[in-house]
Visitor: 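Here's a structure for you.
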Amino acid sequence: MLSADQQLEILKRATVTIHSEKELAAKLARGKPLRVKLGVDPTSPDIHLGHAVALRKLRQFQELGHQVVLIIGDFTAMIGDPSGRSSTRPPLTHEQVLANARTYTEQAFLVLERSRTEVVFNGDWFAKMPFTEVLALNARVTLQQMLQREDFKNRLAQGTEVRLHEIQYPIMQGWDSVVVRADVEIGGSDQLFNILVGRDLQKEEGMEPQVCMTLPLLEGLDGVKKMSKSLNNYVGLSEPPREMFGKLMSIADALMEKYFLLVLGEAMPADLHPMQAKKLLASRCVEIYHSAEAARDCLEDWDLRFSKRDLAQAELPLVPWTAEMTAFDLAKASFAQLGAVLSGGDIRRLLTQGSIQLNGEKLTDPKQVPAWQAGAVLKLDKKRSVRLA
RNA sequence: GGGUAGGUACCCAAGUGGCCAACGGGGGCAGACUGUAAAUCUGCUGGCUUUGCCUUCAGUGGUUCGAAUCCACUCCUGCCCA
């Protein structure tokens, strides 16, 4: 085991705040494995690179010999964390949440070590909590404290609703820390408030308060907002390699440095052409979540399709056709083949605007019946193409 | 409980009897330019068997030749008072 100082040095990397470093040093100095908590709300079935930032930090703790406590917020997910939200979340049923939780933990183990991970569900204690205890818990926190939060303050100022159950969220997350006796809790920088509530509750319970460690938030593919499923700007850990690769290639240059640091845990190589750097980023990421082989394949495929623009050689999904199909018919069939649900209007729009191309020729008239040929390449949009069977 | 302002497409928001599938912005998609990046310019953005038809403006019912727009009731939200 490394010394406390050495550990601290490693753990401090790529964090936003640590409350406090002194406390963390003291805990590490005892030489006993720490219980490091991360709460996740399974509001969607997939874990993405944004979640992975925290998971990677946990992995770092594990490699230093510490114990991870992964709290599945099956109960809190039904409330929805109000952090960073400008409106109330739509409620999820417990069945949905449990189904999500299964794929969630599965994917979390792409990063975490199973043997040093304890998985618990907070419904185990909250579902059984009597109302008297709920009230007692609420009595410890003031409304003023809760309303200090930016999210609530903004919503109040704007006259949008804040429902009472939402202000319970930080209290519940804090109580989780008490129940699992967390030594450290980590989360995104938007979790600061929630994690600090945990410290207060632990202190009141006569426990040593947890260290609060926050990590930078990873912006999504749009480069502006936090990566999230609901904004559809995410890269899922279990996405097929080529999809993962393609999504990473579409991020803005300015974002690369952060992605290198948070997704790969490396510094971005200094004097690489941005295009090369991005390819490296995408390859390394595919390598981590799939394999080196998959990464090579993606890179090759990418070069073939886009750098050399040689769709003819690329490996593409095959689409059955008949000679009398119109451009519209075949485009529709192709999208269907790829499992994409587009309305006729969308397809018509893609056609008339020149997105759909047969061997590089724009098919702008939906009703035309081109001379289809086996092996011909039909480009559908920026990312998708098919080959006639 | 009383008063008052509201509920329009993915989001914000205009429209207050026919010219409304509904101005404008954001977001999204596509084309040009590129490094499938960013920026910029242009176009599109309810559905369909698309020169036309169908379903939309919280819900239900009504007035009218004709309603997102008028009336009644219902549901929901903000604000003020209690």
Visitor: Under 4.0 Å, counting only non-hydrogen atoms across every strand here, what does A:Pro366 touch: a base, just sugar-phosphate, or nothing?
Guide: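 Since no nucleic acid heavy atom lies under 4.0 Å of A:Pro366, the category is nothing.
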
Visitor: Rounding to an integer number of angstrom, what distance separates B:rC10 and B:rG78 when you compare their C1' atoms?
Guide: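 Rounded to whole Å, the distance is 23 Å.
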
Visitor: Respond yes when some side-chain nitrogen or oxygen of A:Ser250 is under 4.0 Å from OP1 or OP2 of B:rA37, and no when none is.
Guide: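 For B:rA37, OP1/OP2 do not have a side-chain N/O of A:Ser250 under 4.0 Å.
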
Visitor: Of the listed nucleotides (B:rG47, B:rG35, B:rC29), which one gets closest to any side-chain atom of A:Asp346?
Guide: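 Minimum distance to the A:Asp346 side chain belongs to B:rG47.
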
Visitor: Starting from C1' on B:rA30, measure out to CZ on A:Arg348 and report it in whole angstrom.
Guide: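 Rounding to the nearest Å, CZ of A:Arg348 and C1' of B:rA30 are 16 Å apart.
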
Visitor: Of all the choices, B:rG35, B:rA38, B:rA30, which nucleotide is nearest to the side chain of A:Ala252 once you look at every atom?
Guide: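 Looking only at heavy atoms from C-beta outward on A:Ala252, the closest nucleotide is B:rA38.
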
Visitor: Looking for any heavy atom pair under 4.0 Å, which part of the strands does A:Asp381 touch: base, sugar-phosphate only, or nothing?
Guide: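 Sugar-phosphate, backbone atoms only, no base.
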
Visitor: Just how far, in rounded Å, is P of B:rU45 from CG of A:Leu351?
Guide: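 Taking CG of A:Leu351 and P of B:rU45, I get 15 Å after rounding.
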
Visitor: Is atom NZ of A:Lys32 surrounded by more than 12 heavy atoms (other residues, nucleotides or ligands) closer than 6.0 Å?
Guide: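 Counting neighbours around NZ of A:Lys32, 12 or fewer heavy atoms of other residues, nucleotides or ligands fall under 6.0 Å, so no.
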
Visitor: Anything under 3.5 Å between a protein N or O and an N or O of nucleotides 75-82 of chain B, put it in a table, one pair a line.
Guide:
residue, atom, partner, partner atom, Å
B:rU77, OP1, A:Arg163, NH2, 3.4

Visitor: Under 3.5 Å, is there an N or O donor on one side and an acceptor on the other linking the side chain of A:Asp222 and the base of B:rG27?
Guide: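 Result: no qualifying N/O pair found.
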
Visitor: For A:Asp303, is there an ion pair with A:Lys279 - N to carboxylate O distance below 4.0 angstrom?
Guide: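 A salt bridge is present here (some side-chain N lies under 4.0 Å from a carboxylate O).
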
Visitor: Looking at A:Lys27, A:Lys37, A:Arg199, A:Arg30, which one forms a salt bridge (charged side-chain N to carboxylate O under 4.0 Å, His left out) with A:Asp183?
Guide: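 The option that passes is A:Lys27.
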
Visitor: Could you state the atom-to-atom distance from CD of A:Gln353 to P of B:rG43 in whole Å?
Guide: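 Answer to the nearest Å: 10 Å.
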
Visitor: 5'-most contact on RNA chain B: A:Lys367 or A:Ser343, nearest heavy atom basis?
Guide: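 Its nearest nucleotide lies further toward 5', so the answer is A:Ser343.
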
Visitor: How would you label the contact of A:Leu255 with the nucleic acid (heavy atoms, under 4.0 Å): base, sugar-phosphate, or nothing?
Guide: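 Nothing, no nucleic acid heavy atom in range.
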
Visitor: Rounded to the nearest Å, what distance is computed from the CZ atom of residue A:Phe245 to the C1' atom of nucleotide B:rG35?
Guide: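 These atoms are roughly 13 Å apart.
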
Visitor: Take atom C1' in B:rU4 and the same atom in B:rC65, then report the distance between them in whole Å.
Guide: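 It comes out at 37 Å once rounded to the nearest Å.
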
Visitor: How close do A:Phe126 and A:Met172 get, heavy atom to heavy atom, and via which atoms?
Guide: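 Reported closest heavy-atom pair: CZ-O, 3.3 Å.
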
Visitor: Under 3.5 Å for both distances, Watson-Crick or G-U wobble, that's the pair rule; now give the dot-bracket for RNA chain B, with | marking pairs to another strand and [ ] for crossing ones.
Guide: ((((((((.[[[..)..(.....]]]((((((.......))))))(((...)))...[[[[[..)....]]]]]))))))).

Visitor: Could you state the atom-to-atom distance from CG of A:Asp365 to P of B:rU50 in whole Å?
Guide: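 From A:Asp365 CG to B:rU50 P: 13 Å.
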
Visitor: Rounded to whole angstrom, note down the C1' distance from B:rA9 over to B:rA21.
Guide: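 About 9 Å, rounded to a whole number of Å.
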
Visitor: Where does the angle between the aromatic ring planes of A:His66 and A:Phe61 fall among parallel (under 30°), tilted (30 to 60°) and perpendicular (over 60°)?
Guide: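 Ring orientation, 0 to 90° scale: perpendicular.
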
Visitor: Flag yes if more than 12 heavy atoms outside A:Glu257 fall under 6.0 Å of its CD atom; otherwise flag no.
Guide: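 Not more than 12 within 6.0 Å, no.
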
Visitor: If you measure from the P atom in B:rU8 to the same atom in B:rC23, how many Å do you get, rounded?
Guide: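 The answer is 16 Å between these two P atoms.
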
Visitor: Hey, is A:Glu205 close enough to A:Arg181 for a salt bridge, meaning N to O under 4.0 Å?
Guide: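 Not counted as a salt bridge, because no side-chain N and carboxylate O are separated by less than 4.0 Å.
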
Visitor: Rounded to whole angstroms, how far apart are NZ on A:Lys278 and C1' on B:rA37?
Guide: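 That distance rounds to 4 Å.
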
Visitor: Could you measure between the two P atoms, the one in B:rA14 and the one in B:rA39, and give it in whole Å?
Guide: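 28 Å, rounded to whole Å.
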
Visitor: Should we count CD of A:Glu63 as having more than 12 external heavy atoms under 6.0 Å?
Guide: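 Result for CD/A:Glu63: enclosed.
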
Visitor: Among the nucleotides B:rC29, B:rU49, B:rG31, which one has an atom lying closest to any side-chain atom of A:Arg349?
Guide: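 Taking heavy atoms from C-beta onward, the closest nucleotide is B:rC29.
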
Visitor: Would you mind checking if A:Glu243 and A:Lys247 are paired as a salt bridge, meaning a charged N to carboxylate O distance below 4.0 Å?
Guide: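 No.
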
Visitor: Taking the P atom of each, how far is B:rG15 from B:rU55, in whole Å?
Guide: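 That atom pair is separated by 28 Å.
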
Visitor: Closer than 4.0 Å, any side-chain N/O of A:Thr352 to the OP1 or OP2 of B:rA30?
Guide: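 It does not, given that no N or O in the side chain of A:Thr352 lies less than 4.0 Å from OP1 or OP2 of B:rA30.
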
Visitor: Ignoring backbone atoms, test whether A:Lys362 places a side-chain nitrogen or oxygen under 4.0 Å from the OP1 or OP2 oxygen of B:rA32.
Guide: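 Result: yes.
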
Visitor: Would you tell me if any nitrogen or oxygen in the side chain of A:Lys379 comes within less than 4.0 Å of OP1 or OP2 on B:rG31?
Guide: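 Looking at the OP1 and OP2 atoms of B:rG31, one of them is under 4.0 Å from a side-chain N or O of A:Lys379.
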
Visitor: Between A:Asp381 and A:Arg384, is there a side-chain N and carboxylate O pair less than 4.0 Å apart?
Guide: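 Yes, charged N to carboxylate O under 4.0 Å.
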
Visitor: Students often get this wrong, so: under 4.0 angstrom with heavy atoms, is A:Lys247 touching a base, only sugar-phosphate, or nothing?
Guide: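 Touches nothing.
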
Visitor: Less than 4.0 angstrom from a charged side-chain N to a carboxylate O is my criterion; do A:Lys203 and A:Glu23 meet it?
Guide: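 No salt bridge links A:Lys203 with A:Glu23.
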
Visitor: Using atom CE of A:Met256 as one end and atom P of B:rG35 as the other, report the distance to the nearest whole Å.
Guide: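 For the pair A:Met256 CE and B:rG35 P, the rounded distance is 15 Å.
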
Visitor: Can you tell me how far P in B:rC75 sits from the matching atom in B:rG66, rounded to whole Å?
Guide: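 These two P atoms come out 29 Å apart once rounded.
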
Visitor: Heavy-atom nearest nucleotide on RNA chain B for A:Met275 versus A:Phe328: which residue maps closer to 5'?
Guide: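 Counting from the 5' end, the first nearest nucleotide belongs to A:Met275.
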
Visitor: Using atom C1' in both nucleotides, what's the gap between B:rG18 and B:rG7 to the nearest angstrom?
Guide: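 To the nearest whole Å, 25 Å.
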
Visitor: In whole Å, what is the span from the CG atom of A:Leu363 to the C1' atom of B:rA30?
Guide: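 Rounding to the nearest Å, CG of A:Leu363 and C1' of B:rA30 are 15 Å apart.
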
Visitor: Output, in order, the C-alpha distance, side-chain angles, deciding distance and verdict of salt bridge (charged side-chain N to carboxylate O under 4.0 Å, His left out) for A:Lys332 and A:Asp329.
Guide: CA-CA 5 Å; A:Lys332 189 167 188 172; A:Asp329 292 336; over 6 Å; no

